[in-house]
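I have placed the structure first, in the form of C-alpha cells, so that the comments after it can refer back to it.
Excluded from the calculations below are hydrogen atoms, water molecules and symmetry mates; all remaining heavy atoms, backbone and side chain alike, are included. These numbers come from a predicted model, not from an experiment.
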Amino acid sequence: MRQRYRRYLRPLTRSPRGPIIHLSPPEILLSGFLGLGMLGACLLKLPGMHQQGLSWLSALFTATSAVTVTGLSVTPLSDFTLAGQTVVLILIQLGGLGFMTIAALSLVMLGQRLPMHQTSLLREALNRSSSREIGRLLKIITAFALTLELAGASLLSLDWVPEYGWQEGLWLSLFHSVSAFNNAGFTLWPDSLMREAANPLTSGVIGILFMTGGIGFAVIGELRERRRQHGWRVLLQPSRFSVQTRLVIEATVALNLLSLVVILALEWRNPGTLGAMASHGERLLAAAFMATTPRTAGFSVIDSAEMTQASTLWTMALMFIGGGSGSTASGIKLTTFVVLLLTTRAFLRSEPSPTLHGRRIGDDTVFKSIAVALAAMLLIFSMLFGLTITDPDHAFLSLAFETVSAFGTVGLSHGLTPELSPGGQLLIIATMLLGRTGPLALGYLLATRSRPGISYARTELSIG
C-alpha cells in the first residue's frame with residue numbers, strides 16, 4: 001500500500017536518461033489545472049485586480065472557473081479591473097488550449113521530438129487514438145485558434161467600437177472572442193449577453209466561435225487537410241471524411257436542430273424568456289442561440305432561471321452530453337453519447353456489436369463510453385448529494401442545474417452560485433476540475449492498477 005501511493009509523494013524522479021514522471025496522463029492534467037487555478041487565485045488576490053477586494057475563496061473560484069473554461073462566477077467580471085480581467089483572459093486561453101499543449105508546442109516549434117511521456121500526455125488530452133502527427137496537430141490548433149479569435153474580435157468590433165469607443169470596444173471584442181472560442185462563457189457584463197439578444201452580428205459571431213471551438217481539434221484538422229487536398233467541394237462529399245468526423249458533424253447538426261425545435265416549443269410563449277421579445281425574428285434568433293450554447297459555451301441571451309422546468313431539464317441533458325472529443329468543450333462528449341445510443345440499438349436488434357457507416361465499433365470504445373458516462377453520473381450524483389447537505393435551503397432543481405453546468409464546464413446558471421455556502425462553492429470547484437479533466441480521469445485516480453494472476457470462469461447475471 002505504501003509503495004502504491006509513494007508516487008504521489010515523489011511524482012518526479014531523475015534517471016540517467018532524463019526525468020521520469022510516475023503519474024498517469026489524467027493525473028498530470030488534473031494536477032496542472034489545479035496548479036494553474038491556484039496560481040491564478042494568487043494573481044487575482046494582488047492589489048489592483050478587483051475594485052472592492054476579493055476573498056481567497058472567490059479568487060480561487062474565479063481562477064478555477066476560468067482555467068476550466070466554465071464561466072460560473074461568484075463575482076461579476078465587471079467588478080474586476082482591467083488587470084484582473086486580463087488575468088482571467090489569460091487563464092481562459094491556457095485552459096482552453098490546454099497548458100501542456102502550449103508547453104509541448106514550444107518543443108515542436110524548435111524542431112525537437114516530443115518525449116514518449118509527453119506524447120502520451122498529449123494523446124490523452126486531445127483524445128487521439130494514435131500518437132502520430134501530434135506535432136502538426138498542435139500547430140494547427142494554435143494557429144487556427146489565434147486566427148479565429150482575432151477574426152471574431154474584428155467582426156465584433158464593428159458593432160462595439162462605435163458604441164463603446166475604441167479602447168473599451170476593442171477590449172470587449174477581444175475578450176468575448178477568446179471566451180467564445182474557448183467555450184468559457186465569461187462575459188464582462190453581469191447579465192451575460194442578454195443585452196445583445198436582438199443583435200444578429202453578436203449572436204452569429206459568438207455562436208460560430210463557440211461551435212467551432214466545441215467541434216473538436218481533430219475534426220478541425222481533418223477538415224483543413226481535406227480542403228487543402230480536394231478544395232471546398234470536399235465538404236459536399238462526406239464519404240471522404242473519417243467516421244469520427246462524420247459522426248461529430250452529423251450528430252452536431254441533428255442535435256442542434258432538435259434542440260431548436262424543443263426550445264421554440266417550450267419557451268415561445270414564456271413571458272420570462274422568448275415571450276417577452278418584441279418580434280418573431282428576435283425569438284427565433286434567441287432560440288437558435290440557446291439551442292447550441294448549452295453543449296459548449298454557456299453564454300445566455302435569456303434568463304436561464306426563468307425557463308420552464310422542461311426546458312431546464314432539456315438544457316441539463318445537453319450540458320451533460322457536451323461537445324466534440326478533443327475540443328474546448330467538456331461533458332461526456334458527443335462521440336460517447338452516440339456510441340451509447342448505437343450500443344443500445346445493437347442490443348435491441350440482437351447484433352453482435354454496434355456499427356456506424358459500414359464500420360464496426362470496437363469493444364474497447366464501447367467499454368470506455370460506458371465507463372465515462374457512468375463515472376460522470378456518479379460524479380454529478382456525489383456532488384449534488386453534497387450540495388443538498390451544505391445548502392439545503394435552495395431548490396433542488398437549481399442545485400442540480402448548477403452541478404451539471406459545473407461538470408460540463410458550461411457556465412449557464414440560475415444565479416445560485418454566489419449564494420452557495422463556502423462548502424458548496426468548494427464542491428462546485430471540485431466539480432469543475434473533475435469535469436474539465438474528464439470523468440475518465442476519476443477512474444484513473446481511483447482504479448487499482450494490477451494485473452490478475454489468474455483467469456476466472458465465466459458467469460452469467462440477470463440484467464433488467
Open item on the list: Show, in sequence, the C-alpha distance, side-chain angles and deciding distance for Leu77 and Thr187, and conclude whether the side chain to side chain contact (heavy atoms under 4.5 Å, CB included) test is met.
Closed with: CA-CA 7 Å; Leu77 288 189; Thr187 72; over 6 Å; no

TODO: Show your reasoning for whether ring-ring contact (aromatic ring centres under 6.0 Å, His included) applies to Trp268 and His280.
DONE: CA-CA 9 Å; Trp268 184 262; His280 291 176; 5.2 Å; yes

- [ ] List the steps, then state whether side chain to side chain donor-acceptor pair (under 3.5 Å) holds for Glu267 with Thr308.
- [x] CA-CA 7 Å; Glu267 298 295 330; Thr308 63; 3.1 Å; yes

- [ ] List the steps and the verdict of side chain to side chain contact (heavy atoms under 4.5 Å, CB included) for Met307 and Thr315.
- [x] CA-CA 10 Å; Met307 293 192 303; Thr315 301; 3.7 Å; yes

Task: Pair Phe186-His176, side chain to side chain contact (heavy atoms under 4.5 Å, CB included): steps then yes or no - done: CA-CA 7 Å; Phe186 274 107; His176 288 87; over 6 Å; no

- [ ] I would like to know whether Phe289 and Phe210 meet side chain to side chain contact (heavy atoms under 4.5 Å, CB included); could you show each step before the answer?
- [x] CA-CA 11 Å; Phe289 191 91; Phe210 69 64; 3.8 Å; yes

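Inter-residue side-chain proximity for Ile428 and Leu420 is flagged as met; some heavy-atom pair is nearer than 4.5 Å. Proximity of Ser413 to Glu402: side-chain heavy atoms (C-beta onward) are separated by under 4.5 Å at one or more points. You'll find the side chain of Pro354 reaches within 4.5 Å of the side chain of Val366, heavy atoms only. Counting heavy atoms from C-beta outward, Val178 and Leu174 have side chains that approach closer than 4.5 Å. When side chains are defined from C-beta on, Trp56 counts as touching Cys42, because their heavy atoms get closer than 4.5 Å. Taking 4.5 Å as the limit, some side-chain heavy atom of Arg295 sits within range of a side-chain heavy atom of Leu255. In this structure, the side chains of Phe80 and Val87 stay at 4.5 Å or more apart for every pair of heavy atoms. The closest side-chain heavy-atom distance from Met319 to Phe407 is not below 4.5 Å.
Judged by distance alone, the side chains of Gln425 and Thr417 never bring a donor and an acceptor atom under 3.5 Å apart. At a cut-off of 3.5 Å, with distance as the only test, a side-chain donor of Trp314 or Ser259 sits close to an acceptor on the other residue.
Atom-to-atom distance recorded for Asp391:CG and Ser398:OG is 11.5 Å, nearest 0.5 angstrom. Distance CG/Leu60 to CE/Met38: 7.5 Å, rounded to 0.5 Å. Note that CG of Leu412 and OG of Ser192 are 8.0 Å apart. Values are rounded to the nearest 0.5 Å. Rounded to the nearest 0.5 Å, atoms CG (Asn183) and CG (Leu209) are 9.5 Å apart. In this structure, CE in Met290 is found 6.5 Å from CD1 in Ile263, a value given to the nearest 0.5 Å. Interatomic distance, NE2 of His414 versus OG of Ser304, reported as 6.0 Å (0.5 Å rounding).
Considering every non-hydrogen atom in both Ala373 and Leu340, the closest pair reads CB-CD1, 3.6 Å. Heavy-atom minimum distance, Val301 versus Ala197: O-CB, 3.6 Å. Contact between Ala63 and Gly40 at its shortest, heavy atoms only, is CB-C, 3.6 Å. Ala198 and Pro200 get closest at one heavy-atom pair: O-CD, 3.2 Å. The two residues Met316 and Val404 come nearest to each other via the heavy atoms O-CG1, 3.4 Å. The two residues Ala287 and Leu264 have their closest heavy-atom pair at CB-CD2, 3.4 Å.
Listed for the Ser203 side chain is a donor-acceptor partner under 3.5 Å among the backbone atoms of Asn199. Put simply, the side chain of Ser177 gets close to the backbone of Glu149: a donor and an acceptor are under 3.5 Å apart. Judged purely by atom type and a 3.5 angstrom limit, Arg360 has no side-chain atom pairing as donor or acceptor with the backbone of Thr355. In this structure, Ser173 contributes its side chain and Ser157 its backbone to a donor-acceptor pair below 3.5 Å. Proximity of a side-chain donor or acceptor of Ser65 to a complementary backbone N or O of Leu72 within less than 3.5 Å is detected. At distances below 3.5 Å, at least one donor-acceptor pair connects side-chain atoms of Thr431 with backbone N or O atoms of Leu427. Proximity of a side-chain donor or acceptor of Thr81 to a complementary backbone N or O of Gly48 within less than 3.5 Å is detected. In this structure, Asn182 contributes its side chain and Ala184 its backbone to no donor-acceptor pair below 3.5 Å. Between the Thr86 side chain and the Leu82 main chain, a donor and an acceptor come within less than 3.5 Å of each other. In this structure, Thr336 contributes its side chain and Ile332 its backbone to a donor-acceptor pair below 3.5 Å.
Under the 30°/60° scheme for interplanar angles, the aromatic rings of Trp160 and Tyr164 are found to stand perpendicular. Relative ring orientation between Phe181 and Phe144 is described as tilted, the plane-to-plane angle lying within the 30° to 60° band.
Within a 6.0 Å sphere centred on CD of Glu163, heavy atoms belonging to other residues, nucleotides or ligands number more than 12. Counting heavy atoms of neighbouring residues, nucleotides and ligands inside a 6.0 Å radius, atom CZ of Arg195 exceeds 12 of them.
The residue from Val338, Val243, Ile215, Val253 that alone fulfils the side chain to side chain contact (heavy atoms under 4.5 Å, CB included) condition with Val248 is Ile215.
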